[in-house]
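Step one of this worksheet: look at the structure below.
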Amino acid sequence: MGTAIMWFRRDLRLRDHPALRESASRGAVLPLFVIDPSMWGPAGAAKTAWLAATLRALDASLDGRLVIRLGDPAEVVPRVAREVGATSVHVSRENEPGGVERDRRVVAALREIGVEGVATGSPYAVDPGTVRTKGGTPFKVFTPFAAAWREHGWDEPTSAPRGVEWVEADTDGRVEAMLDKAARECPIDLPTAGEDAARRRWVRFRDEALVDYDHDRDLPAVEGTSRMSADLHLGVVHPRQLLHDLREERGDGAQTYRTELAWREFYADVLWANPDSAWQDLRPLPLRYDEPQDAIEAWREGRTGYPIIDAGMRQLLGEGWMHNRVRMATASFLTKDLHVWWPVGARHFLEHLVDGDLGSNNHGWQWVAGTGTDASPYFRVFNPVTQGKRFDPDGAYVRRWVPELAHLEGAAAHEPWKHDDGYAHDYPERIVDHAQERLEALARYDEAT
DNA sequence: AACCGGTTTTA
DNA sequence: AAAACCGGT
């Protein structure tokens with residue numbers, strides 16, 4: 001039995017970990033994480049802090065044996081392999097274009113020194129690239145994808161491997177200070193990180209909120225969602241575990257939850273099949289775009305004068321998370337009311353969301369913008385006032401995030417312009433007229449098609 | 001067996 | 001409007 005390296009990336013857990021089990025079957029295991037300083041710096045502070053906290057939790061669950069090194073993985077991973085005399089390096093397969101390219105470089109560098117690179121499993125219940133149409137092509141429409149995905153099914157989760165012989169090596173001396181700094185500079189309160197905490201959150205959701213999920217998941221004022229996204233993003237939980245937990249559940253809540261997981265898998269598959277669609281239109285649409293810097297800044301900071309939009313944008317900055325209903329409304333506002341190209345918004349979301357997942361985020365944006373999957377409805381323009389009144393009927397979400405409107409009762413918080421004291425606490429006036437910009441957006445779509 | 005055309009579907 | 005399927009060839 002030789003030595004194997006388990007190189008952790010978006011799979012920061014020990015339970016139900018096919019690549020970890022594979023590494024343990026090869027011999028003694030060195031658990032490794034590599035911080036690429038070129039990625040660590042530019043990420044948002046909340047995102048970096050969440051990764052730091054999750055790494056600390058993983059390290060604790062390994063009794064402090066997680067080895068963290070700094071640098072370009074194509075240099076660091078082979079160097080560590082030499083250092084410990086490893087014969088194989090194990091990973092969960094990556095589907096994002098940047099990760100695919102990085103892994104190609106790392107595997108090539110490992111091959112040069114005679115070390116095998118082995119990918120086992122992926123962060124998805126069904127590996128991207130597996131589900132295909134009857135014609136053998138990747139799906140571009142969600143519903144038939146979801147049907148085929150369900151039909152395909154998924155493996156049962158496995159437990160953490162027991163009796164692993166862990167190999168020890170030094171963590172880079174600079175890492176402690178980096179993790180400390182990330183935790184210290186975190187602008188928000190993060191949930192507790194790590195597998196056990198995620199598991200507790202999930203069980204609580206399943207036992208208390210799942211029955212009403214079908215209805216409550218659309219209400220941003222209600223804690224009606226599972227809040228699993230940040231843990232799913234780093235692989236602290238695997239969707240297979242959640243699906244397994246719901247296997248006996250036939251109610252609307254569980255059905256809808258499975259469908260939401262299917263969206264995540266769909267977008268990962270679309271990204272895998274169309275790597276360029278990460279930052280370019282999946283279906284190029286020659287639209288005229290604006291670059292209104294002041295309005296974009298107002299959108300980012302939550303002072304557009306539209307209550308539900310401002311509440312959402314402030315939740316993003318304050319919590320590192322935004323309710324999905326509001327993600328759609330704020331994305332529609334940037335693209336349809338301000339006529340801004342979707343990557344501007346997608347980049348802002350990715351910088352601040354602790355769950356910021358490239359496929360789900362960017363294809364969610366493209367879905368709203370009309371350049372992505374789900375063809376025709378270019379005319380999908382969300383009315384921010386209607387969205388607010390429909391999904392936050394008593395205004396509680398707006399009052400929570402927009403103190404300037406806290407004095408308005410009930411749905412009045414969505415329409416300060418209708419109340420004498422609506423602007424008594426310096427809430428900004430609307431920066432655009434939605435009815436007018438809606439027509440402008442439709443005119444531009446007409447022009448482009 | 002890859003391709004065509006008509007029909008249904010598209011959160 | 002485009003995708004996916006289905007039943008042909």
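Chain A is the first sequence line, chain B the second, and so forth, proteins listed ahead of strands; every chain is numbered from 1. Worth saying up front: this structure is predicted, and the values here are computed from it rather than measured.
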Exercise for review: Provide, to the nearest angstrom, the distance between the CH2 atom belonging to Trp263(A) and the P atom belonging to dT10(B).
Suggested key: 12 Å
Study note, to complete from the structure: What one should report as the nearest heavy-atom pair of Asp218(A) and His323(A) is C-CE1, 3.7 Å
**Study point:** Between dA11(B) (C1') and Arg150(A) (CZ): distance, integer Å
**Key:** 12 Å
Review point. Taking atom types as modelled and ignoring hydrogens, do the side chains of Arg10(A) and Asn95(A) form a donor-acceptor contact shorter than 3.5 angstrom?
Key: yes
Check your understanding: Within this structure, what is the CG-to-C1' distance between Leu285(A) and dA2(C), rounded to whole angstrom?
Key -> 14 Å
Could you list the protein-to-nucleotides 4-9 of chain C atom pairs, N/O on both sides, closer than 3.5 Å?
{"residue": "dA4(C)", "atom": "OP1", "partner": "Lys140(A)", "partner atom": "N", "Å": "2.5"}
{"residue": "dA4(C)", "atom": "OP1", "partner": "Val141(A)", "partner atom": "N", "Å": "3.2"}
{"residue": "dC5(C)", "atom": "OP2", "partner": "Lys134(A)", "partner atom": "N", "Å": "3.2"}

Check your understanding: What is the distance from CZ of Phe382(A) to C1' of dA11(B), rounded to the nearest Å?
Key -> 11 Å
Review point. Quick one: does Arg400(A)'s side chain get under 4.5 Å of Gln315(A)'s, heavy atoms only?
Key: no
**Study point:** Donor + acceptor pair across side chains of Trp342(A), Asn362(A) (<3.5 Å)
**Key:** no
Check your understanding: With no hydrogens and no angle check, do the side chains of Arg438(A) and Ser332(A) hold a donor and an acceptor under 3.5 Å apart?
Key -> no
Review point. Is the closest side-chain heavy-atom distance between Met313(A) and His348(A) below 4.5 Å?
Key: yes
Review point. Hey, where does DNA chain B pair up into stems, meaning at least three consecutive Watson-Crick or G-U pairs with distances under 3.5 Å?
Key: B:2-10 with C:1-9
Check your understanding: Given Tyr306(A) and Asp337(A), is the side chain to side chain donor-acceptor pair (under 3.5 Å) satisfied, shown in steps?
Key -> CA-CA 11 Å; Tyr306(A) 284 93; Asp337(A) 289 77; 5.4 Å; no
Point to revise | Interface residues of residues 249-262 of chain A with DNA chain B (non-hydrogen, below 4.0 angstrom) | key: Thr259(A), Glu260(A)
Exercise for review: Please list all pairs passing the ring pair (Phe, Tyr, Trp, His ring centres under 6.0 Å) test where one or both residues lie in residues 191-223 of chain A, with sequence neighbours left out.
Suggested key: Trp202(A)-Phe205(A), Trp202(A)-Tyr257(A), Phe205(A)-Tyr213(A), Phe205(A)-Tyr257(A), Tyr213(A)-Tyr257(A)
Check your understanding: For His363(A), what residues pass the side chain to side chain donor-acceptor pair (under 3.5 Å) criterion, not counting sequence neighbours?
Key -> Ser277(A)
Exercise for review: Mind calculating the distance between OH (Tyr445(A)) and P (dA1(C)) to the nearest angstrom?
Suggested key: 16 Å
Study note, to complete from the structure: Across all chains, not counting sequence neighbours, the side chain to side chain donor-acceptor pair (under 3.5 Å) partners of Asp11(A) are His17(A), Ser92(A)
Exercise for review: Using whole Å, report how far CG of Asn274(A) lies from C1' of dA3(C).
Suggested key: 14 Å
Revision key, fill the gap. From NE2 of His363(A) across to C1' of dA11(B) the rounded distance in Å is 17 Å
Check your understanding: Any salt bridge between Asp269(A) and Arg132(A), counting N to O under 4.0 Å?
Key -> yes
